[in-house]
Q: 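Below you will find the structure I want to go over with you.
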Amino acid sequence: MTSKRGITPRGRKQSQGRRRRLLYLLMTRPRAASERFVAQLPTRARSRVTVVHSPLLEIRPLDVQVATAGVRGLIFTSANSVNAAVSLGVDRTLPAFCVGSTTTGTAKGAGWPAQMVGATAEELVANLLKLRPESPLLHLRGEHSRGNVAERLTESGLTTLEQPVYQQRLLPLTPEAQSAASGDRPVIAPIFSPRTARQFADVWDGTAPLWLAAISQATAEPLRSLAFQRLKIAKEPTPKKMSKAVKKLVKHALRVEGGPGAD
């Protein structure tokens with residue numbers, strides 16, 4: 001069946017779909033984590049964006065030996081440290097104290113008896129000092145880490161060692177991301193760590209309208225040097241709250257652009 005304008009219903013639907021995708025969603029996390037995040041976005045928000053993957057950090061396990069003799073428990077503050085610990089053959093009978101539901105789920109899935117003891121490093125430190133598990137503990141972390149978890153716990157009487165088990169190599173924007181940055185379609189970029197934020201601020205020189213979501217105040221700080229339409233900080237440093245922040249940015253950006261679905 002053909003309409004009066006000579007467009008089949010299917011063709012009209014496809015054309016409308018293209019028009020609705022007025023925005024780019026620039027994902028700067030490692031690919032697997034980015035795909036999980038995009039999959040958790042509301043269907044309506046996903047239908048309004050074209051996803052561009054451009055990881056700004058490459059995670060690589062370090063070639064190290066992890067000595068756990070005498071250690072009574074592990075601390076994981078990211079899923080990257082869990083995955084690195086798996087590749088390094090770290091003892092999976094030790095209890096694991098984790099930050100956030102994603103890290104905890106990754107540790108449980110890998111076989112550790114894991115429990116979430118906070119949504120942030122601050123909460124982890126405070127809760128471990130209340131729990132007072134047997135020590136020493138061992139914090140397995142990246143080469144670049146914030147929070148001084150081991151130092152603060154040890155100073156408060158809960159002996160904690162630390163060891164880097166993975167590195168984060170900085171990456172430039174991909175050609176696809178550079179093309180989006182140099183265009184006129186709005187770019188929504190959720191940023192999930194202070195180090196990624198610093199790298200993004202260094203490599204972004206685009207002219208496209210930029211809408212930013214930061215997972216924390218510390219992540220937002222390096223982004224303030226950029227020219228952006230809006231910078232939204234998640235109410236809590238969780239994927240769920242970041243998803244809500246992105247959803248709101250999609251809505252606001254469409255309203256500014258006057259695109260379909262902006263109401």
Side-chain angles (χ1 to χ4, degrees), residues 29-37 40 55 57-169 192-196 215-216 218-219 236-242:
R29 306 181 83 186
R31 186 64 179 252
S34 287
E35 289 178 344
R36 285 196 301 270
F37 180 79
Q40 293 168 1
L57 295 177
E58 182 181 36
I59 308 300
R60 291 182 176 180
L62 293 170
D63 185 13
V64 296
Q65 295 290 325
V66 179
T68 57
V71 170
R72 309 308 295 271
L74 303 173
I75 296 175
F76 292 124
T77 47
S78 75
N80 292 326
S81 59
V82 176
N83 294 330
V86 169
S87 70
L88 294 171
V90 176
D91 184 357
R92 298 188 210 185
T93 66
L94 292 169
F97 305 99
C98 304
V99 168
S101 58
T102 299
T103 302
T104 306
T106 303
K108 286 182 176 179
W112 272 283
Q115 61 177 301
M116 176 176 162
V117 290
T120 64
E122 292 289 331
E123 290 182 3
L124 175 131
V125 170
N127 290 332
L128 282 178
L129 291 176
K130 292 177 183 177
L131 290 171
R132 292 286 172 178
E134 292 185 85
S135 61
L137 303 175
L138 175 61
H139 180 202
L140 299 178
R141 59 172 180 80
E143 281 186 324
H144 301 274
S145 180
R146 302 177 74 255
N148 299 320
V149 169
E151 180 181 349
R152 292 164 61 197
L153 288 172
T154 298
E155 288 178 349
S156 297
L158 186 60
T159 302
T160 304
L161 312 172
E162 62 180 343
Q163 181 172 352
V165 290
Y166 67 92
Q167 62 180 183
Q168 302 152 300
R169 189 168 71 90
F192 290 82
S193 74
R195 192 153 192 255
T196 302
I215 198 168
S216 65
T219 300
E236 296 175 5
T238 65
K240 183 177 180 180
K241 295 300 184 182
M242 278 292 280

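Only a predicted model underlies this, so the values are computations on that prediction, with no experimental measurement involved.
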Q: To check you understand the geometry: which heavy-atom pair defines the closest contact between G100 and M116, and what is its length?
A: C-SD, 3.6 Å

Q: Side chains of R72 and P136, heavy atoms from C-beta outward: is any pair under 4.5 Å?
A: yes

Q: Using a 3.5 Å distance criterion without hydrogens, assess whether the side chain of S78 forms a donor-acceptor pair with backbone atoms of S81.
A: yes

Q: Run R169 and L57 through side chain to side chain contact (heavy atoms under 4.5 Å, CB included) and show every step you take.
A: CA-CA 5 Å; R169 189 168 71 90; L57 295 177; over 6 Å; no

Q: Taking the side chain as C-beta and beyond, is there a heavy-atom pair between V149 and V99 under 4.5 Å?
A: no

Q: Pair T77, H139 - check side chain to side chain contact (heavy atoms under 4.5 Å, CB included), show working.
A: CA-CA 8 Å; T77 47; H139 180 202; 3.0 Å; yes

Q: Are any of the side-chain nitrogens in E122 or R152 under 4.0 Å away from the carboxylate oxygens of its partner?
A: yes

Q: So do the side chains of N83 and P61 get within less than 4.5 Å of each other, counting heavy atoms only?
A: no

Q: Check whether any side-chain N or O of T103 sits under 3.5 Å from a backbone N or O of A79 as a donor-acceptor pair, and report yes or no.
A: yes

Q: Drop me the distance from N127's CG to Q115's CD, to the nearest 0.5 angstrom.
A: 9.5 Å

Q: Using atom types as modelled and distance alone, determine if a side-chain donor or acceptor of E162 lies under 3.5 Å from a backbone N or O of N148.
A: no

Q: Which of these, L128, L161, L138, sits in a side chain to side chain contact (heavy atoms under 4.5 Å, CB included) with I75?
A: L128

Q: Enter the distance from E134:CD to T159:OG1 here, rounded to the nearest 0.5 Å.
A: 12.5 Å

Q: Looking at F97 and P133, what are the two nearest heavy atoms and their distance?
A: CZ-CB, 3.6 Å

Q: Roughly how far, to the nearest 0.5 Å, is CZ of F37 from CE of M242?
A: 5.5 Å

Q: For the OG atom of S216 and the NZ atom of K241, what is their distance to the nearest 0.5 Å?
A: 15.5 Å

Q: Work out which heavy atom in L94 is nearest to a heavy atom in P113; give both atom names and the distance.
A: O-CD, 3.4 Å

Q: Between R195 and Q168 (side chain of the first, backbone of the second, donor and acceptor by atom type, cut-off under 3.5 Å), is there such a pair?
A: yes

Q: I need the T102 OG1 to K240 NZ distance, nearest 0.5 Å.
A: 12.5 Å

Q: Which atoms form the tightest heavy-atom contact between A85 and W112, and what is the distance?
A: CB-CH2, 3.7 Å

Q: Okay, side chain of S87, backbone of A84: is any donor-acceptor separation there less than 3.5 Å?
A: yes

Q: Between E143 and L62, is any pair of side-chain heavy atoms under 4.5 Å apart?
A: yes

Q: How close do T104 and A114 get, heavy atom to heavy atom, and via which atoms?
A: O-CB, 4.1 Å

Q: With no hydrogens and no angle check, is any side-chain donor or acceptor of R92 less than 3.5 Å from a backbone partner on A110?
A: yes

Q: Hey, is the main chain of L137 close enough, under 3.5 Å, to the side chain of T160 for a donor-acceptor pair?
A: no

Q: Around atom CD of E155, are there more than 12 heavy atoms of other residues, nucleotides or ligands at under 6.0 Å?
A: yes

Q: Nearest 0.5 Å please: distance from the CG atom of L88 over to the OG1 atom of T68.
A: 11.5 Å

Q: Could you tell me which non-hydrogen atom of Y166 sits nearest to which non-hydrogen atom of N80, and how far apart they are?
A: CZ-CB, 3.6 Å

